[in-house]
Structure formats: structure tokens, C-alpha cells
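Letters A, B, ... are given to chains in the order of the sequence lines, protein chains preceding strands, and every chain is numbered from 1. None of these values were measured; they are calculated from a predicted model.
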Number of protein chains: 2
Amino acid sequence: MNQKEAQELADLLKALGEYNRLSLVYELCQCKAPKNAMCLCDCCSVDASGVSRHLKVLSQEGVVKSERKGREIQYSLNRTEVAKRLRQLADIIETTP
Amino acid sequence: MNQKEAQELADLLKALGEYNRLSLVYELCQCKAPKNAMCLCDCCSVDASGVSRHLKVLSQEGVVKSERKGREIQYSLNRTEVAKRLRQLADIIETTP
DNA sequence: ACTATATTTGCATATTTGTGCAAATATATC
DNA sequence: GATATATTTGCACAAATATGCAAATATAGT
């Protein structure tokens, strides 16, 4: 694992490692259909601008993807991608040299 | 997942989501035998006090365990425990409701 | 064009966090 | 007890971060 990869992984973990952002992720976990930001406001104790910023972080780290549908922007999880990266780390940690 | 569990998971991810701490974890990954803090100083660009603080965070979150051996304190990873928690999150994220 | 709704952004601010240095503590050896 | 080595802690500080509010922007419907 080189420095760039380590930094990217650290950034992913940092994105997930904030309580309100993790709450957003959980909320999206439980949705079959994508949700817009207004809807996601209800599940965490920050206002719309805060949710917007959190979603931006999650988006930059590839945790969520977004698609504009008219006035709304619908967010959904990159489920397999994120799960894959977490399992890769789990594998690294678990493997004794 | 209740609030307390979510907070604990966020804390774990936050602990892992800092570059120098993740570097320490990688270093310990590659060790068959435990290492002391002085030795771990070499793999990350912080001084002994910084490494001590990082190891304290990792220890509080259950990422590493420590055992004093004379003057030194030897650190090693809680491999299976950490891997398990990461995989649990991966499973939650990947499972469509 | 006007209005309503959804999202982003600029600004200010309080809090957290990572860091180094020096001092304190712990343990071993002489 | 004195000295050496390993680790922790108090202090100060700079940088990052999360947050709310108000204004700006985007889009849709009338």
C-alpha cells in the first residue's frame, strides 16, 4: 500500500468517521429508493446547509452518488464499492505476515 | 443500530481515519511480533509524544493492545476484532433493505 | 416574469485535533 | 542512590472541522 492509497483510505474512513455523516449513511442504507437532501435532514441534527456539506464530503469520497431529478438531487449509496474497500482493509488487518 | 453503537463505530472509523494513525496500523500489520513506541516512531512523521498520543487513541478504540515489558510497552493489533467490526459495517452498507 | 422549493456557498465562530517541546513519570541497570 | 531509556503529560499553538444563518443559485410550475 503506497502513500497515495493510504491517504485515500484515510480520507474515506475520516468521511465515515463523523457521527452525523455516518447517520446519513445509515439512513441511506435503509432506503431502497434514493433520497433527496431535505429528506435526509430529518435523520441528523444539522440544517440543510450542513447536510449539503456532509453529502459533498461523502460524494467526494465515493460513498454516495447523486443524480439531479428536477429540483431535487437524489442521493444513494455506492454500496458495493464502499463495502469492498472496507473489506480490503479488514483483510489487510487480519492477515498475519 | 442505536445511537451509542453508531457513536462507537464513528469513533473507531475516526481513529483509523487519520493518516499517521493509519500508518501505525499498517506498520503493526506487517509485524509478527509486537513493537514498542520508539520503534513505531520510524514509520510516521511525528515525535515520540505524538506517537504516544496516537497509540492511546488506537488503544481506546480497541484497535491495538499493549503490554508492558520492562521499560518498553509492546503494541500489537487486535486483528480479528477490528476486521470483524469493519466487515459488519461493510455488510450493513452492502445489504439492500 | 414571478413564486416556490431545493441546494449550495460565503461568512463568522466555536470546538476539536494534531503537533512539538520540555518536564514528569516509570522502569531497568549500574 | 544515580543514570539511562521509554513513555506520558502539560502547555501552547496552528490548522482543520462542524455548524448556523443569510444570501445566492438552480429548477419547476403558474
- Assign a letter to each nucleotide of nucleotides 19-30 of chain D from its 5' end: B, base within under 4.0 Å of a protein heavy atom; S, sugar-phosphate only; -, no contact. BBB-----BB--
Would you kindly confirm whether [X] and [Y] end up in one hydrophobic cluster when ILVMFWY residues are joined by side chain heavy atoms under 4.5 Å apart?
| X | Y | value |
| --- | --- | --- |
| A/Y26 | B/L12 | yes |
| B/V57 | B/L86 | no |
| A/M38 | A/Y75 | no |

Interatomic distance where [atom1] belongs to [X] and [atom2] belongs to [N] [whole Å]:
| X | N | atom1 | atom2 | answer |
| --- | --- | --- | --- | --- |
| B/K35 | D/dT7 | NZ | P | 13 Å |
| A/R21 | C/dT16 | CZ | C1' | 13 Å |
| B/L55 | C/dT19 | CG | P | 12 Å |
| B/E72 | D/dA4 | CD | P | 18 Å |
| B/Y19 | D/dT17 | OH | P | 16 Å |
| B/E61 | C/dT17 | CD | C1' | 14 Å |
| A/K14 | D/dA15 | NZ | C1' | 11 Å |
| A/N36 | C/dA4 | CG | P | 20 Å |

- Message: With a 4.0 Å cut-off on N to O distance, would you call B/E8 and B/R85 a salt bridge?
- Response: no
- If every non-hydrogen atom of A/E61 is compared with every non-hydrogen atom of A/A15, which pair is closest and at what distance? CG-CB, 3.7 Å
- Query: If every non-hydrogen atom of A/G62 is compared with every non-hydrogen atom of A/E81, which pair is closest and at what distance?
  - Reply: O-CG, 4.5 Å
- Message: Go through it in stages, so that I can follow the logic: the residues are B/L28 and A/I93, the test is side chain to side chain contact (heavy atoms under 4.5 Å, CB included), and I'd like the CA-CA distance, side-chain angles, deciding distance and then a yes or no.
- Response: CA-CA 9 Å; B/L28 286 171; A/I93 288 177; over 6 Å; no
- Query: Looking at residues 23-33 of chain A, who's got a heavy atom less than 4.0 Å off DNA chain C?
  - Reply: none
- side-chain N/O A/S52 vs C/dT8 OP1/OP2, d < 4.0 Å: yes
- Query: Does B/K56 put a side-chain nitrogen or oxygen below 4.0 Å from OP1 or OP2 of D/dT7?
  - Reply: no
- Message: Checking side-chain contact (heavy atoms from CB on, under 4.5 Å) between B/L77 and each of B/V25, B/V82, B/L58, which is the one that passes?
- Response: B/V25
- Query: When rounded to the nearest 0.5 angstrom, what distance separates SG in A/C41 from CG in A/N36?
  - Reply: 9.0 Å
